[in-house]
Structures are given as structure tokens and as C-alpha cells.
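Structure, as C-alpha cells:
These numbers come from a predicted model, not from an experiment. Residue indices begin at 1 and follow the sequence shown.
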Amino acid sequence: MSRVIITRPLPDAESFAADCLAKNHEPFLAPLMEITFFDRPAPLETIGALAFTSVNGVRAFVRQSKRRDLRVFAVGETTAAAAEAENFAHVFAAGGDVESLAEIILNSRKLIEGAVLHIAGEHRAGDLVGLLTAKGLEASRYSAYCAEAAAKLPASAANAIAEKTPCDITFFSPRTATLFMKLVENAGLMEQLSRHRALCLSENVAKALSSAPWKDIRIAAARNSAAMVSLMSESA
């Protein structure tokens with residue numbers, strides 16, 4: 001059974017751990033961020049569609065609004081599935097990044113009666129609102145949650161990295177990858193990364209890790225959990 005360190009926040013870390021176990025990989029939970037949702041309601045008076053760039057955006061919105069009639073544009077299949085599970089009737093999935101999300105929204109602008117509201121976290125990758133407004137589509141951003149960074153590397157990750165037994169370390173966002181690099185350096189474990197592999201959801205994630213002496217850096221074939229698990233089965 002191979003070992004894998006999971007850096008993503010709860011509760012997604014737990015569901016991903018279950019996926020890993022199902023494929024005979026031993027998971028170690030080491031969340032580098034904690035999600036905090038805000039209780040203030042989103043302003044929906046002039047909104048014709050919602051844009052979500054993460055599953056946490058969906059979770060944040062449904063906590064404070066019962067509206068399910070608005071069209072939803074999701075950054076990728078996983079976020080779209082989360083919206084569909086919450087009974088949004090009209091959900092469109094983009095290709096996994098902000099640019100493809102902006103494109104699908106702009107191509108559907110005739111279907112949108114009102115402005116687009118991007119439900120986001122306080123820290124964002126890319127500028128969806130800027131891409132939309134540059135093309136003349138009214139859009140605004142609403143910060144519905146924050147991801148608070150860990151102050152130090154979780155013990156589960158530090159212990160696994162320090163050991164000689166190789167393991168895979170998974171990264172789902174550039175921000176998590178950047179934070180990991182900082183915490184590993186603070187812990188004095190940078191050289192030990194040469195025994196381990198970094199498994200990345202995208203090229204941007206991999207770039208944030210490129211300065212470390214990894215044994216290898218692998219990028220998933222698709223931006224979803226199944227593709228990340230498949231990376232673990234690839235030979236070194």
C-alpha cells in the first residue's frame with residue numbers, strides 16, 4: 001500500500017482519502033487551510049446568473065440562500081456536480097479554469113437576464129469579473145468564504161516527509177502549493193522532498209512547486225479527483 005499526503009481542506013480531504021483507500025493507497029490527512037463561511041447574504045436583486053470557481057463557493061451560497069432558479073456556471077465538472085446536487089436546475093460546466101469559465105459565460109450571455117455574480121473566496125486565482133466586464137457583460141464578485149492558512153506544517157505531513165519511505169503529496173491549488181513550500185522550508189524539510197513525488201491538479205499548481213528538489217512532479221490528465229488518484233498508480 002503506497003502512502004499519500006492530502007493537503008486539501010476538510011471536508012474534501014476526507015472524501016479524497018476515501019477515494020485513495022479504495023485504490024489501495026494509504027492516506028494521511030494534512031490540511032493546509034481551513035474554510036470559514038460568512039453568514040451575510042449575497043446581493044441577488046439584479047443577478048441573472050451565478051458563477052462558481054470552487055465547490056466551497058457552492059457550499060457557501062446554499063448556506064445563506066434558498067434560490068435555486070438562477071443559471072449556474074461552474075469552473076469544472078466537480079463544481080458543477082456539487083451545484084446539481086443542491087438542485088440548481090440549469091448548470092453549465094467549463095473546462096477547469098477561469099478562462100474557460102469566462103468563455104462559456106460569454107457564449108451564453110443571451111440566456112442571462114441580469115448581471116453575473118461570482119461567488120468566491122477571499123483569495124482567488126484569476127480575475128473572472130475582469131474577463132467578463134472587459135467584454136461588456138455586467139458582473140461582480142461576492143466573497144462568501146475564506147481559506148485560512150495553517151501556521152505550520154501539520155505533524156502528519158512533517159513526519160511522513162522526514163521518513164525515508166517515499167510517499168506522494170497531493171496538491172489541488174496553486175495557493176496550497178505555495179503555502180506548502182513556505183511551511184516545508186520553515187520546518188527545515190526541503191531537502192527531504194527529494195524522496196517524494198508531487199501530484200498536481202494543473203500546470204499552475206506544478207509551477208508553484210518547481211523550485212523544490214522533488215523526486216518527480218506529476219500533473220493530472222484531468223482536473224478531478226479520479227485523475228489525481230490515477231497518478232498514484234503510475235510507476236516512479
Side-chain angles (χ1 to χ4, degrees), residues 1-21 25-38 53-57 59-60 78 97-98 120-126 143-220 223-225 227-229 231-232 234 236:
M1 178 178 284
S2 64
R3 306 190 307 166
V4 55
I5 297 173
I6 301 174
T7 62
R8 67 190 317 192
L10 301 173
D12 295 310
E14 294 171 324
S15 59
F16 185 60
D19 294 339
C20 294
L21 278 172
H25 304 293
E26 182 183 8
F28 293 83
L29 298 185
L32 298 187
M33 291 185 286
E34 182 178 355
I35 304 299
T36 300
F37 296 106
F38 304 144
T53 45
S54 71
V55 172
N56 282 317
R59 292 174 179 143
T78 301
D97 53 43
V98 170
E122 289 190 334
H123 296 87
R124 298 169 298 278
S143 295
Y145 67 94
C146 68
E148 299 179 6
K152 64 179 182 178
L153 195 67
S156 55
N159 293 337
I161 292 170
E163 293 177 3
K164 293 184 179 181
T165 303
C167 65
D168 291 330
I169 307 177
T170 58
F171 300 94
F172 283 78
S173 74
R175 186 184 174 209
T176 300
T178 300
L179 175 60
F180 175 85
M181 294 286 284
K182 173 185 176 182
L183 298 180
V184 165
E185 185 174 7
N186 291 346
L189 293 171
M190 190 65 71
E191 291 185 5
Q192 284 83 340
L193 292 180
S194 61
R195 294 192 287 264
H196 311 298
R197 298 192 305 177
L199 308 185
C200 307
L201 187 67
S202 70
E203 291 184 5
N204 286 338
V205 175
K207 288 178 182 178
L209 299 165
S210 61
S211 62
W214 295 97
K215 179 181 180 180
D216 196 6
I217 297 178
R218 300 286 177 91
I219 300 173
R223 298 190 181 192
N224 56 51
S225 296
M228 289 288 283
V229 175
L231 285 179
M232 300 172 200
E234 295 182 1

Heavy-atom pair of closest approach, residues Cys200 and Leu209: SG-CD1, 3.6 Å
Side chain to side chain contact (heavy atoms under 4.5 Å, CB included) evaluation trace for Leu179 with Met33: CA-CA 9 Å; Leu179 175 60; Met33 291 185 286; 4.0 Å; yes
Side-chain (Ser156) to main-chain (Leu29) donor-acceptor, under 3.5 angstrom: yes
Crowding at CD, Glu185 (>12 non-hydrogen neighbours, <6.0 Å): no
Non-hydrogen side-chain atoms of Leu153 and Asn186 separated by less than 4.5 Å: no
Stepwise side chain to side chain contact (heavy atoms under 4.5 Å, CB included) check, Phe172 with Ser202: CA-CA 8 Å; Phe172 283 78; Ser202 70; over 6 Å; no
Ser54 to Tyr145 - nearest heavy-atom pair and separation: OG-OH, 2.8 Å
Least distance between heavy atoms, Arg8 atom then Ala13 atom: O-CB, 3.2 Å
Rounded distance [0.5 Å steps], CZ in Phe37 versus SG in Cys146: 10.0 Å
Ile161 vs Ile169 side-chain heavy atoms within contact, under 4.5 Å: yes
Pair His25-Asp19, side chain to side chain contact (heavy atoms under 4.5 Å, CB included): steps then yes or no: CA-CA 9 Å; His25 304 293; Asp19 294 339; over 6 Å; no
Ring geometry between Trp214 and Phe171 (parallel below 30°, tilted from 30 to 60°, perpendicular above 60°): perpendicular
Side chain to side chain, Ile5 and Asp168, heavy atoms closer than 4.5 Å: no
Main-chain N/O of Thr165 paired to Arg3 side chain as donor or acceptor, under 3.5 Å: yes
Beyond-backbone contact of Val55 with Thr78, side-chain heavy atoms, under 4.5 angstrom: yes
Ion pair Glu234/Arg197, N-O distance below 4.0 Å: no
From CA spacing to verdict: side chain to side chain contact (heavy atoms under 4.5 Å, CB included), Leu10, Ile35: CA-CA 8 Å; Leu10 301 173; Ile35 304 299; over 6 Å; no
Sub-4.5 Å side-chain heavy-atom contact between Glu148 and Pro9: no
Approximate separation, where rounding is to 0.5 Å, of Met228 CE and Ile219 CD1: 10.5 Å
Heavy-atom side-chain contact between Ser211 and Met181 under 4.5 Å: yes
Side chain proximity check, Pro174 to Lys207, heavy atoms < 4.5 angstrom: no
Student check: side-chain heavy atoms of Val4 and Phe28 closer than 4.5 Å: no
Expected output: side-chain His196 to main-chain Cys167 donor-acceptor under 3.5 Å: yes
From CG (Leu32) to CD1 (Ile6), nearest 0.5 Å: 11.5 Å
For Ser143 against Gly121, the heavy-atom pair lying closest together: OG-O, 4.0 Å
Shortest non-hydrogen contact between Ala206 and Ile217, atoms and distance: CB-CG2, 3.8 Å
Check: Glu163 main-chain N/O paired with Arg195 side-chain donor or acceptor under 3.5 Å: yes
Side-chain (Arg175) to main-chain (Ala147) donor-acceptor, under 3.5 angstrom: yes
Charged N-O contact under 4.0 Å between Asp12 and Arg59: yes
Residue pair Leu201 / Asn224: nearest heavy atoms and the distance that separates them: CD1-N, 3.5 Å
